Amino acid sequence: MSALDIGVMDFAFDNSFHRSMGGFYAPADAAKPSMPELLAINHLLADRLGLDVGGTAKDELARIFSGHVLPEGSNPLALAYAGHQFGHFSPQLGDGRALLLGEIIAPEGARYDVQLKGSGPTAFSRNGDGKAAIGPVLREFLVSEAMAAMGVPTTRALAAVATGDRVQRERAHPGAVLTRIASSHIRVGTFQFFAAHFGADHIVQLADYSIRRHFPDLAQAANPSLALLDRVIGLQCELVARWLAVGFIHGVMNTDNVAISGETIDYGPCAFMDRFAVNTVFSSIDANGRYAYGRQPQILHWNMARFAEALLPAIHRVSPADVDAAKALVDAIPVRFRTIWHAQVRGKLGLGGEGPDDSELIDTLFDELEEHDVDFTSFFRALAMLLRGDGAMLESLLPALDAMAPWIAQWWERIAHKATGPLEHAAAMDAVNPLYIPRNHLVEAALDAAEAGDLAPWLELLEVVRHPYALRQGHERFAAPAPADAGPYTTFCGT
Ligand code: AMP
Ligand code: MG
């Protein structure tokens, strides 16, 4: 890219990280794609961000969102970070295939990063090519839109552009670039990088920047870095509870993939669980099940312990006694998580406020779902149908009519004491329990078609998962559990 290549779209960049965090990134440049072609653009998101994509020609959008032209005011850079990958510390990761174009301020006032992913090598690429293949780009677009529609905090996809170049993985694939929008790209691994290579001054600087940007209310705290730890732990507990509530498995919960904003980031081998099994793993590289569905709360705990370690020099500097307070915050995570998680499940079951026997009801629920191989997503909708007097959906999910009869009776009893009637109850449950999620067999079929040049199934699925809750006639196949002969599902990291 050169200064002469100026796009017409006005981003009104305001690049605070570039301005105030010199030494925390490396300047970088995008590789010019040979034939950029727009695959998808997120109009609703663009409107929310105040970006005039409607008034910009398609070819121009393709050039901007593939790195072919540099928009005015951009200071392209790659962020430095480290991270624990599958438990092992990698001191030097960084944006190896991503390029931060700059920051924009949405009309409502929030600041967002605009980042290209798959736009070519950077100083942090090591042996990687810096590229992305069309399948993973469209998967991230689809899944992150589904997450946003379900109210799960997440980075967003603004655009997907085919590059016209081939990307070599286990075989050659068409290349693509994703434009990702995030509250920021500061990760636990960002703190780890500066803790490992520099020291307290850098940690304080990064903590101060993070607080200014994300949590300005913490600036006045007695020990801001300790308050930052507390806040990030709270957000991560919320996030992982939301994942579990929709059956989401991130797949690579390495510390470099944990954003301090509390947004889901780095959609790689992620997928949604079909039949309930706590040990579900989809990622081909997660042989030991480190990041299995049911292990995500423990991994969150482990990751936050690494975050606390990285922050310790900054926490200690303000008050050595606060090191104990940091330890106490980390130790309290399991209880803190469980409280948030149970609130999520109570919502899914329509239980309302806390009841004395809820823990038992919740624990036995998951044992029963596992024992009977029940489709996780459909089950909660089937319960709502039962409240409406229609047990057919539940029957279709269970191996035998009375398979979960004792549990259902217990739940029914709990619900019966409520002031609201069953129909209101069913409606409240349907408002939090998605009917349409990106089911693995549908995602795979859509990505295969897209790779072969037919975007229609992907566009259709995208439209469906953007409206997860309301039943739509003719959409039965999108809500149906995976076919019995679907076989085990495997996802790959090779983005
Ligand atoms: P991930 O597993 O996607 O979170 O990536 C882990 C690290 O590998 C990050 O530092 C990425 O930037 C880097 N990386 C992954 N794929 C590539 C690639 N194709 N080229 C260069 N770097 C990559
Ligand atoms: Mg990553």
Side-chain angles (χ1 to χ4, degrees), residues 24-26 28-31 33 66-67 76-100 113 115-141 143-144 154-155 157 163 165-178 180 182 184-194 196-197 236 239 249-261 263-271 281-287 290-291 299 303 306-307 491-495:
F24 287 70
Y25 58 81
D29 231 343
S66 63
L77 55 89
L79 298 169
Y81 53 85
H84 274 89
Q85 299 183 300
F86 290 89
H88 303 286
F89 188 60
S90 304
Q92 177 89 49
L93 294 169
D95 287 335
R97 55 163 165 205
L99 189 71
L100 179 62
D113 278 2
Q115 192 201 53
L116 303 181
K117 190 171 170 185
S119 55
T122 72
F124 304 113
S125 296
R126 293 167 292 162
N127 298 321
D129 58 6
K131 302 287 177 65
I134 186 173
V137 163
L138 293 180
R139 171 194 280 275
E140 172 158 352
F141 199 124
V143 177
S144 59
T154 180
T155 61
T163 58
D165 303 313
R166 307 293 284 179
V167 175
Q168 190 61 40
R169 295 293 178 255
E170 66 289 354
R171 60 185 172 80
H173 298 270
V177 175
L178 181 83
R180 178 161 73 184
S184 85
H185 284 85
I186 302 171
R187 305 146 187 267
V188 167
T190 318
F191 282 85
Q192 289 182 293
F193 182 89
F194 293 97
H197 299 288
Q236 287 297 324
L239 181 65
I249 300 160
H250 182 283
V252 238
M253 284 177 76
N254 295 334
T255 55
D256 53 302
N257 293 336
V258 178
I260 62 150
S261 65
E263 290 171 345
T264 311
I265 193 168
D266 278 358
Y267 292 85
C270 62
V281 173
F282 294 115
S283 169
S284 63
I285 59 166
D286 192 4
R290 180 179 170 87
Y291 300 136
I299 295 295
N303 286 345
R306 306 290 80 75
F307 185 44
T491 55
F492 299 89
C493 259
T495 38

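As the structure lists them, so they are numbered: ligands from 1, and atoms in each ligand from 1. FYI, side chains are in, hydrogens and waters are out, and symmetry mates aren't considered; it's all heavy atoms of this structure. Just so we're clear, the structure is a prediction, and the values are computed from it rather than from any experiment.
- Between the side chains of Tyr267 and Thr154, at least one donor N or O lies within less than 3.5 Å of an accepting N or O.
- Protein N/O/S atoms found under 2.8 Å from the Mg ion (ligand 2): Asn257 OD1, Asp266 OD2.
- At least one heavy atom of Gly130 sits less than 4.0 Å from an atom of ligand 1.
- Ring geometry, Tyr291 versus Phe86: the interplanar angle falls from 30° to 60°, so the pair is classed tilted.
- Inclusion of Gly96 in the set of residues having an N or O under 3.5 Å from an N or O of ligand 1 is warranted.
- For ligand 1, the atoms lying closer than 4.0 Å to a non-hydrogen atom of Asp266 are 4 (O).
- Partners of Ala26 by side chain to side chain contact (heavy atoms under 4.5 Å, CB included), not counting sequence neighbours, listed by chain and number: Ala123, Phe124.
- Of the heavy atoms in Phe124, none comes closer than 4.0 Å to ligand 1.
- Contact annotation: for Gln85 versus ligand 1, heavy atoms closer than 4.0 Å belong to the side chain alone.
- A search for side chain to side chain contact (heavy atoms under 4.5 Å, CB included) contacts involving Thr190 returns Tyr81, Ile186, Arg187, Phe194, Leu206, not counting sequence neighbours.
- Contact check on Arg306 versus Asp256 returns no salt bridge, with no Lys/Arg side-chain nitrogen under 4.0 Å from an Asp/Glu carboxylate oxygen.
- For Asp113 (side chain) and Gln115 (main-chain N/O), no donor-acceptor pair under 3.5 Å exists by modelled atom type.
- Within the 4.0 Å heavy-atom cutoff, Asp256 counts among the residues contacting ligand 1.
- Of the listed residues (Gln168, Arg187, Arg97, Gln92), the one carrying the non-hydrogen atom nearest atom 1 (P) of ligand 1 is Arg97.
- Applying the salt bridge (charged side-chain N to carboxylate O under 4.0 Å, His left out) test to Arg290 and every residue at least two apart in sequence or in another chain returns nothing.
- Each of the atoms 4 (O) of ligand 1 lies under 4.0 Å from some heavy atom of Asn257.
- By the 3.5 Å distance cut-off applied to N or O atoms, Asp95 is not counted among the residues near ligand 1.
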One pair to check against side-chain contact (heavy atoms from CB on, under 4.5 Å): Arg166 and Arg171. What are the steps and the verdict? CA-CA 10 Å; Arg166 307 293 284 179; Arg171 60 185 172 80; 5.9 Å; no
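- Residue contacts with ligand 1 include Arg169, since one or more of its heavy atoms lies under 4.0 Å from the ligand.
- Of all atoms in ligand 1, listed by their number and element, those nearer than 4.0 Å to a heavy atom of Gly94 are 9 (C), 10 (O), 11 (C), 12 (O).
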